[in-house]
Structure formats: structure tokens, C-alpha cells
Protein chains: 2
Amino acid sequence: MVTPRELRDPDCPIRSVLDRIGDKWSFLLILTLAPRPHRFGELRRAVDDISQRMLTQTLRSLQRDGLVDRTVFPTTPPSVEYRLTALGLSLLEPMRGLVAWADLQLPAITGARARFDAAQV
Amino acid sequence: MVTPRELRDPDCPIRSVLDRIGDKWSFLLILTLAPRPHRFGELRRAVDDISQRMLTQTLRSLQRDGLVDRTVFPTTPPSVEYRLTALGLSLLEPMRGLVAWADLQLPAITGARARFDAAQV
DNA sequence: CAGGATCCCTTCCGATACTG
DNA sequence: CAGTATCGGAAGGGATCCTG
């Protein structure tokens, strides 16, 4: 287990990993790719508030980290498929733990926010 | 279980929760507060690359979400203690799942990054 | 179809100075 | 000690246009 001490080190390499996972678009794209591979346009439609720029950029970083595999089919017009690697698939379990927590605790958090905001006059 | 479809909704409330958890400083502060309560100055020294501004700001948002409890002791000089709430404590388990994954897969990710960067000439 | 390139606006965030 | 307030640079990210 990693101690908080290591994570508090500004140069801790695990930070760079957690930063990626914590990224909004990375998180959503990984979950979207979980059931099956998707093409570029499919992903854009699936996550309909992502801009083309961020989609490309996020997919590149996921590919760089070895979480996503990119396959180009030299057809006309070109077709590109994105799929989770084994590494990417292994990330699903801890990610879903977090989603399950957020889902379960959503009422508590929403309530806390409302009380806090009400107390600030 | 939350389906990806809901998360892909721009207005999905779970997104706002995940955004907080994914936040770099929130994540570190929660882990730092895990073993015991800390005072403001303690936290600043513990996470030594956080600015005073971000520390205050992040603690406020954690308090607002009901994850952290803030107690003021009316001494001179003033003393303020931050501690995890039951809700905050319950978040530790899924968070540690992610940290454990990152720790375990760090070599694979580092290797993938190196290969990717090398391939880009 | 799957991007690359550019412009530009907003938000983040660190540094600094000040206060009860 | 534990903040608040303000400024300004850096980065994030959307909109648009262009191409193999």
C-alpha cells in the first residue's frame, strides 16, 4: 500500500497516474469504451458534450498511458477504432468502486451542499 | 450500478461528485486527514507544495460536500481543526482501491509512455 | 471520417500583501 | 494562527476552418 507520505511528494509518479484517472473526459471515455470498441465518431456522439479537440487529445493521452489501443483501418474514408487494453480493462474495477460510492452517497452529498450553502446566508 | 449512459449526460450529478474526488488537492487532503485530524498549518506543512490559497479553497469545498468537518477553537491565536466525517471516511476505501491500482500498474504505465514517446520520433 | 491547426476566452492557481 | 483580497501569468478547453 502506498503511504500518504509518498503521495504528498510533489514528484510522486503515482500522482501523474491519478491525475489522468481523475480527468473528467478520461474517466468518461474509459467507461464508454468498457463494453466494446468504438470508432471516433461513435465516441463523439456517445459523450455528446465533448469537443472534437478534447476527444482527440484525451484519446492520445489514454493511448500513451497504454490504457487504450488505437487501430487504423486504411479504408476510404478512413476508419479508426479505439478499444481498451488489458491494462485499461483492469482499471474498470477500481473506477466502478468510485462510481458506486458516488451513486450511493449522492443524496448525502447533495444534502450537505444544500445545508452548507444555506448556512452561508 | 450507474450506467455509462447517465454519466455521459452533461447534467449528471454524479459527475460533480467525481470531479471533486478527481481533484488533485482534494484527493491528497483526504488521504492526509485519514489517520487523524489536522490543524490548518499542519496540513500546509504535510502537503508541502500546496499554496495557502488552494488549501483554504479545497478545504471549503470538502466541507461543503460533507466530507470534512471544521472546528474552530476560540483561543488566541485561533486554532482550527479539520477532520474527516463519516462520509469522508467511507470514501477512503474506494480511493485506496485506485491508489493500489496506480501503484501496482505504475511500471506498465511508465513503460507504455516511454514506448509511445519513442515511437513519435 | 478522423483528425490537425489556429484563435481566443475563461478558469486555475501561485505569489504577495494584509487582518482579527 | 488561520485565514481574506487582489493581481497576473499559465493552462484548459470551446469554436471554427482546413485536409488526406
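Chain naming here is simple, since letters A, B, ... match the order of the sequence lines and numbering starts at 1 in each.
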Subject >> 5' precedence on DNA chain C between A:Thr56 and A:Pro78 (nearest-nucleotide basis) >> reply: A:Pro78
Throw together a table of side-chain donor-acceptor distances under 3.5 angstrom for residues 69-78 of chain A, partners on residues two or more places apart or in other chains.
residue, atom, partner, partner atom, Å
A:Arg70, NE, A:Tyr82, OH, 3.2
A:Thr75, OG1, A:Phe73, O, 3.4
A:Thr75, OG1, A:Pro77, O, 2.8

**OP:** Salt-bridge test for B:Asp117 and A:Arg64: reply yes if a basic N is under 4.0 Å from a carboxylate O, no otherwise.
**Re:** yes
Original post:
If you walk 5' to 3' along DNA chain D, what is the first nucleotide with an atom under 4.0 Å of a heavy atom in chain A, and what is the last?
Top reply: D:dG13 to D:dG20
**OP:** Ignoring backbone atoms, establish whether A:Arg53 has a side-chain N or O less than 4.0 Å from OP1 or OP2 of C:dT6.
**Re:** no
Original post:
CZ/A:Phe27 to OG1/A:Thr58 distance, rounded to the nearest 0.5 angstrom?
Top reply: 14.0 Å
Original post:
For the side chain of A:Arg15 and the backbone of A:Leu7, is there at least one donor-acceptor N/O pair under 3.5 Å apart?
Top reply: yes
Subject >> Salt-bridge present (B:Asp48, A:Arg8; N to O < 4.0 Å) >> reply: no
Original post:
Which of the following nucleotides, C:dG3, C:dA2, C:dT16, is nearest to the side chain of B:Gln52?
Top reply: C:dT16
Subject >> Given DNA chain D, 5'-ward residue of the pair A:Ile50 and B:Leu59, judged by closest heavy atom >> reply: B:Leu59
Original post:
Quick one, which residues of residues 14-22 of chain A touch DNA chain D with a heavy atom under 4.0 Å?
Top reply: none
Original post:
Is there side-chain contact between B:Leu92 and B:Leu84, with heavy atoms separated by less than 4.5 Å?
Top reply: yes
